[in-house]
Amino acid sequence: MSNSPATHDIEQALKQYVAREILDGKDIGLDADTPLLEWGVINSLEIARLLGFVREQFGVVVPLESVTAEHFKDLRALTGLVASLKG
Amino acid sequence: MDFHWSESQDELYRRALELARRHFAGPSRVWADHAFDRAHWDICAEFGLMGLCVPEAHGGLGLDALTTARVVEAFGRGCEDTGLVFSAAAHLFAAVMPIVEYGDDPLKAALLPGLARGAAIGANAITEGEAGSDAFALRTEARRDGDFYVLDGAKSYVSNGPVADEFVVYATMNRKHGYLGITAFVVARDTPGLRLGAPLAKMGLKSSPACSLYLENCRVPVGRRLGREGQGGAVFQASMQWERSCLFAGYVGMMERQLEQAVEYARTRRQGGKPIGKHQAVAHRLADMKLRLEAARLLLYRACWLRDRGEPAVAAVSLAKLAVSEAARQSSLDAIQLHGGVGFAADYNVEHMLRDSVPATLFSGTSEIQRDLVARELGL
Ligand SMILES: Cc1cc2nc3c(=O)[nH]c(=O)nc-3n(C[C@H](O)[C@H](O)[C@H](O)COP(=O)(O)OP(=O)(O)OC[C@H]3O[C@@H](n4cnc5c(N)ncnc54)[C@H](O)[C@@H]3O)c2cc1C
């Protein structure tokens with residue numbers, strides 16, 4: 001799954017969102033493994049906005065029980081979550 | 001759109017107001033500066049105040065948010081002792097409702113009947129020395145050990161702490177996970193390793209006791225966890241939605257009493273050959289107090305209405321909290337100005353409303369934090 005074109009697109013869209021909306025263009029060497037929670041990139045306010053973006057961009061509603069550190073720890077995990085929800 | 005209350009809502013409001021006035025009002029005493037009084041708590045509990053929005057199955061009145069707010073407003077209006085109303089609301093919204101919404105069935109069955117009746121008192125502990133507005137930067141730790149979690153850490157400001165039986169405590173299980181590393185627990189007062197600091201001396205809300213809380217190797221049974229591991233941030237945010245709307249209804253009630261008192265004074269106090277209310281500068285001050293009260297009240301009702309319909313209400317709730325708390329503080333200053341020296345003297349039940357209102361722009365998230373939340377919702 002991880003290398004399929006669809007998954008790649010999801011990861012790119014999420015990466016662009018984080019770079020543009022959260023990091024405001026700041027270069028932290030953002031990649032699929034950057035620890036978003038540990039580095040405080042995603043906090044409680046940002047999670048709410050990010051969930052809104054995922055809903056609008058991919059048409060999927062992330063269920064509350066999936067809002068966990070495991071799924072939000074980095075872009076790779078988040079991409080996997082969105083891909084699995086898109087079915 | 002319909003601005004009417006139902007008959008049963010009106011009846012509840014009237015009964016609550018009458019009870020509060022009968023027991024906790026009147027010029028015969030200074031209401032601001034006495035200590036927590038369990039007999040006063042019990043009178044409110046008897047009415048059902050401690051479990052207004054707790055489902056009837058668990059011993060509460062099963063009210064929705066809007067009706068809950070209206071009853072809290074009645075207490076705030078009738079009861080000169082704002083600290084008592086604050087303590088009751090902190091208990092209900094920040095300690096009891098998290099158990100209602102996130103406790104498992106055995107925990108709810110064990111704790112809610114006592115808490116909803118007010119036989120037991122609840123408190124909430126998230127704030128730490130280094131984690132205030134940035135609450136989710138908390139450092140109190142929880143680690144799993146068999147059928148227990150072991151908690152270690154210190155909480156700096158726990159309303160109701162000195163008298164509470166149950167503490168909703170937030171701890172991190174993995175600091176690297178930030179907001180999603182936090183877990184909520186209900187810790188009983190007699191748990192070994194739980195220690196309370198001395199009561200805090202404060203500017204206002206004197207009858208609402210507060211203290212620090214220390215947890216050392218405190219073993220909490222797994223069944224006392226609220227929600228899942230890592231869901232504590234969401235548990236806390238849900239409790240703040242209750243508090244920022246329904247607790248602040250108490251201040252709406254206080255402002256209404258304050259305005260009635262100020263109008264009466266402006267009509268009867270004479271200076272320069274006429275009642276001071278006939279001086280335009282004084283009358284306009286009262287008109288502004290009325291404007292602040294009604295605007296804040298409408299924002300509050302709408303926030304509760306949205307919550308009851310299950311609609312997104314983050315911005316509406318923050319706007320209501322901001323409006324009510326800022327209005328209460330400003331109008332309390334105005335009330336003192338309008339009463340002159342009498343307003344400043346401690347034995348006329350005017351100045352204490354300022355001391356009770358100043359903290360309203362701090363707890364449940366400061367005014368700055370509410371503006372941040374509104375700004376985010378605006379897409380900033
Ligand atoms: C009456 C009362 C009852 C309370 N009860 C409880 C309780 O029961 N349980 C509990 O856990 N806590 C309780 N608290 C604590 C309360 O939640 C905190 O005081 C509050 O969250 C603010 O944190 P702080 O005091 O550390 O101030 P700080 O966070 O240090 O803030 C100091 C100042 O900096 C501003 N500031 C901070 N961060 C930002 C930012 N990002 N942007 C702009 N401005 C900012 C604040 O608005 C404030 O003006 C209570 C407080 C009061 C006054």
Side-chain angles (χ1 to χ4, degrees), chain A residues 13-14 16-26 28-82 84-85, chain B residues 101-102 104 126 130-139 142 170-184 225-241 244 310 312-318 365 368-380:
Chain A
L14 288 171
Q16 276 167 20
Y17 171 84
V18 171
R20 186 181 68 237
E21 294 291 330
I22 305 183
L23 294 170
D24 193 23
K26 204 164 32 181
I28 62 164
L30 182 66
D31 64 25
D33 300 311
T34 303
L36 299 174
L37 294 170
E38 185 176 349
W39 289 8
V41 175
I42 295 187
N43 58 25
S44 59
L45 290 173
E46 295 302 348
I47 282 186
R49 287 210 303 161
L50 183 57
L51 292 175
F53 171 75
V54 166
R55 193 174 53 238
E56 275 171 31
Q57 180 79 17
F58 307 110
V60 297
V61 175
V62 178
L64 273 184
E65 61 269 19
S66 298
V67 183
T68 60
E70 197 189 322
H71 289 131
F72 283 76
K73 63 177 191 274
D74 53 34
L75 286 175
R76 189 187 309 283
L78 190 54
T79 302
L81 173 70
V82 174
S84 70
L85 289 171
Chain B
E101 293 178 336
Y102 292 94
D104 68 13
I126 186 161
E130 302 302 317
S133 297
D134 193 6
F136 299 127
L138 61 85
R139 291 181 187 179
Y170 297 86
T172 176
M173 297 196 60
N174 185 343
R175 288 198 61 200
K176 288 183 182 171
H177 290 166
Y179 167 70
L180 293 179
I182 293 167
T183 304
R225 191 187 69 219
L226 295 178
R228 287 177 287 100
E229 288 182 4
Q231 206 182 6
V235 175
F236 179 69
Q237 283 174 323
S239 80
M240 285 299 103
Q241 291 303 94
R244 287 171 189 158
V314 170
V317 166
S318 284
E368 290 79 358
I369 295 302
Q370 304 310 323
R371 287 189 174 91
D372 261 9
L373 290 165
V374 173
R376 291 290 166 144
E377 292 293 313
L378 286 172
L380 297 170

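Within every chain, numbering begins at 1; the chains are lettered A, B, ... in the order of the sequence lines, protein sequences first and strands thereafter. Every value quoted in this text rests on a predicted model; they were computed, and no experiment measured them.
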Could you walk me through whether B:Arg228 and A:Thr68 pass the side-chain contact (heavy atoms from CB on, under 4.5 Å) check? CA-CA 9 Å; B:Arg228 287 177 287 100; A:Thr68 60; 3.5 Å; yes

Whether over 12 other heavy atoms sit under 6.0 Å from A:Gln57 CD: yes

Top of B:Val314, B:Leu373, B:Asn174, B:Leu180 for chain A proximity - count of heavy-atom pairs under 4.5 angstrom: B:Leu180

Side-chain donor/acceptor pairs under 3.5 Å, residues 37-46 of chain A, sequence neighbours excluded:
| from | atom 1 | to | atom 2 | distance (Å) |
| --- | --- | --- | --- | --- |
| A:Asn43 | OD1 | A:Leu45 | N | 3.1 |
| A:Asn43 | OD1 | A:Glu46 | N | 2.9 |
| A:Glu46 | OE1 | A:Arg49 | NE | 3.3 |
| A:Glu46 | OE1 | A:Arg49 | NH2 | 3.1 |
| A:Glu46 | OE2 | B:Arg376 | NH1 | 2.6 |

Side chain, backbone, both or neither: which part of B:Leu380 has a heavy atom under 4.5 Å from chain A? backbone

Residues two or more places apart in sequence or in another chain: which of them pass salt bridge (Lys or Arg N to Asp or Glu O under 4.0 Å) with A:Arg55? none

Of the backbone (N, CA, C, O) and the side chain (C-beta and beyond), which part of B:Gln231 lies under 4.5 Å from a heavy atom of chain A, both, or neither? neither

Given a strict heavy-atom distance threshold of 4.5 Å, which part of A:Glu65 is in contact with chain B: side chain, backbone, both, or neither? both

